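Along the sequence shown, residues carry numbers from 1. Just so you know, these numbers come straight off a predicted model, no measurement behind them.
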Amino acid sequence: MFASGHKTPRLGIDLAGGTSITLKAKADQGSAINKANMDTAVDIMNRRVNGLGVSEAEVQTQGNDHIIVNIPKGTNSKEAQQQVGTTAKLYFRPVLATEPTGSAVKSPSPSASSSGSSSPSPSSSASSKEKASSSSSGSPTPTATATSQGRAVTDALKADATPSSSGSPSATSSPSPSASSSGSAEATKLQAQYAALDCSDPAQRAKAGTNAKPGEATVACGEIKKVWYKYVLGPAAVDGTEVKKAAAVFDTQGASGWQVQMTFTSSGSKKFANITGELAKNQSPQNEFGIVLDGEVVSSPFVQTAISGGQAEISGSFTQQEAQSLANMLSYGALPLSFQEETVTTVTAALGGDQLHAGLLAGAIGLALVVIYLIAYYRGLSVVAMASLLVSGILTYVIMALLGPAIHFALNLPAVCGAIVAIGITADSFIVYFERIRDEIREGRSLRPAVERAWPRARRTILVSDFVSFLAAAVLFIVTVGKVQGFAFTLGLTTVLDVVVVFFFTKPLMTLLARRKFFANGHKWSGLDPKSLGAQPPLRRTRRPAGPAAGSADPKEA
């Protein structure tokens, strides 16, 4: 514990404070607001925040159309808030044009290129063995001239499909985007939106691509290496619901590091093969597809060859957190309903601190009562019980402190209650053993053989009792959600530790103390005084009386 630097348990939202988010459901995706859809949304949001490592987060419905999300302090609550609030559907859209905006934009220089090609987008790299890979490395660079972009947008809108396979347009196109090349008012409007869009402005980012339908082209924003890019995206080619599974894995054999592996459904596999086949024919940036979640481009890998087989991977210079975040978006991006973020409230730890103080005070009172009872009833044996309780308490504290960084365990108020209940369970095991020893002394045995003979009988009773307690904790943990799981987890943990302490501390300590005169001679303050226990006279070996003569016994008796 000290070596790791984690000296205190991680506290839950009710003890340390945190963030509370209220979301309101909107039936604008063709789904009705009913209990089934709300429960599905809660389950997906729960998996989202758990996928981010946010433990003890509460996701629950309130009323008919609200969901409350409580995120404890000390976790990546900002990212969790973004992903929980990101509730629109996930789409794979072809990229028609992209360039950095805001402070990242530098003075434009004339381009002598006639192909309209550019440096690869910094969000992407490619491989071709049935795997798409994206790289977040590389410095952000503009990907196409305005002339090329305008022509690409116009051509794509005319086809009303994926980008043209003819590659980038030639440099002979007009100096500026013009609606006259397509005669399409829609293309003119989209080009105007793209030209005016500044993704470094939060207000403009929030409005970019709002109310865009899957079958229509749209504009969007995306952040890459802290640089905001604006995009023109074609109609959605693959729906996020067609991603069967996505996971962040580390490439131990290659040099790509962290990557995201995707598995598509049968329909999604076919669509993904079609779109990647078309994109592979184009030059950058028209060979990219944007992964769009809630109108924001979260990644834009480019493709070199068609990807078939239903599996793909997005690789590059991802950090572990970036790879896991993208995998969560791909896995849990689709919700049956869309949600509007109504309130975000920061919960202070003042009330939680009072509750923690009250819980610890209750635990101290309970422990004091147990100690007083042990001293009054068991006298010298109470030293063994108190030492065992101390060892059990230290082990519980250390394990809770280590479980925080290990599995993101958060200590909440019900968990504190579980630890308090464990005081009685642990003391009960000692009492069972002590009473077995006393029974042996009452039968006339001395202390050392009494300790050894009592152990097998006590051990069986202790194991059965702890098994029942652990089974109850396990069932409670499985069938409940939220804070009650903290109670069940702590109860199960302390029950297991009780077995460890009794077997590896209490029993050996009792064996050592049995050799001390204070206990072995049955001092009246030892708690093992044979006289006060009503012991029988010591057992002695006696010679069996001789039986009757061989022929005089009754055959039946013989």
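- With hydrogens and angles left out, the side-chain atoms of Glu242 and Ser267 include a donor and acceptor closer than 3.5 Å.
- For the atom pair Ile291 CD1 and Phe92 CZ, the distance stands at 4.5 Å (nearest 0.5 Å).
- Shown here for Ala401 and His6, the closest heavy-atom pair between the two residues is CB-O, 3.6 Å.
- Annotation: the span from Ile372 atom CD1 to Leu367 atom CG amounts to 10.0 Å, rounded to 0.5 Å.
- The environment of CZ in Phe467 is sparse: at most 12 heavy-atom neighbours from other residues, nucleotides or ligands sit within 6.0 Å.
- In terms of modelled atom types and a separation under 3.5 Å, the side chain of Arg379 and the main chain of Lys524 share a donor-acceptor contact.
- The shortest distance between side-chain heavy atoms of Ile425 and Thr494 does not fall below 4.5 Å.
- Among all heavy-atom pairs drawn from Pro508 and Val502, the shortest one is CD-O, 4.5 Å.
- Counting only heavy atoms from C-beta outward, the side chains of Trp258 and Thr319 never approach each other to under 4.5 Å.
- Side-chain atoms of Leu389 and Phe430, non-hydrogen and from C-beta on, do get closer than 4.5 Å to each other.
- Between Tyr378 and Tyr373, the ring-plane angle classifies as perpendicular under the 30° and 60° cut-offs.
- Note: Leu395 CG to Leu390 CG = 9.5 Å, rounded to the nearest 0.5 Å.
- Once rounded to the nearest 0.5 Å, the distance linking CZ of Phe503 with CG of Asp498 reads 10.0 Å.
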Side chain to side chain contact (heavy atoms under 4.5 Å, CB included) evaluation trace for Phe470 with Val499: CA-CA 11 Å; Phe470 182 82; Val499 176; over 6 Å; no

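- No side-chain heavy atom of Ile462 sits less than 4.5 Å from a side-chain heavy atom of Arg459.
- For the atom pair NZ (Lys24) and CD1 (Ile67), the distance works out to 13.5 Å, reported to the nearest 0.5 Å.
- Side-chain contact between Phe250 and Gln320: absent, with no pair of heavy atoms (C-beta onward) separated by less than 4.5 Å.
- A salt bridge links Lys507 and Glu452; the closest N-O separation between the charged side-chain nitrogens and carboxylate oxygens is under 4.0 Å.
- In this structure, Gln261 and Gln311 have side chains that are not in contact, with every pair of non-hydrogen atoms separated by 4.5 Å or more.
- Gly486 and Asn412 make their closest contact through CA-OD1, 4.0 Å (heavy atoms, listed as atom of the first residue, atom of the second, distance).
- Applying the side chain to side chain contact (heavy atoms under 4.5 Å, CB included) rule to Ser392 yields the partners Thr396, Thr426, Val501; only residues at least two apart in sequence or on another chain are considered.
- Proximity of Asn64 to Met38: side-chain heavy atoms (C-beta onward) are nowhere separated by under 4.5 Å.
- Side chains of Thr490 and Met400 form a contact here, defined as non-hydrogen atoms less than 4.5 Å apart.
- The side chain to side chain donor-acceptor pair (under 3.5 Å) contacts involving residues 460-471 comprise Arg436-Thr461, where partners must be two or more places apart or lie in separate chains.
- Separating the OG atom in Ser429 from the CG atom in Leu463 is a distance of 9.0 Å, to the nearest 0.5 Å.
- Annotation for Ala312 and Phe272: closest pair CB-CE2, 3.8 Å, computed over non-hydrogen atoms.
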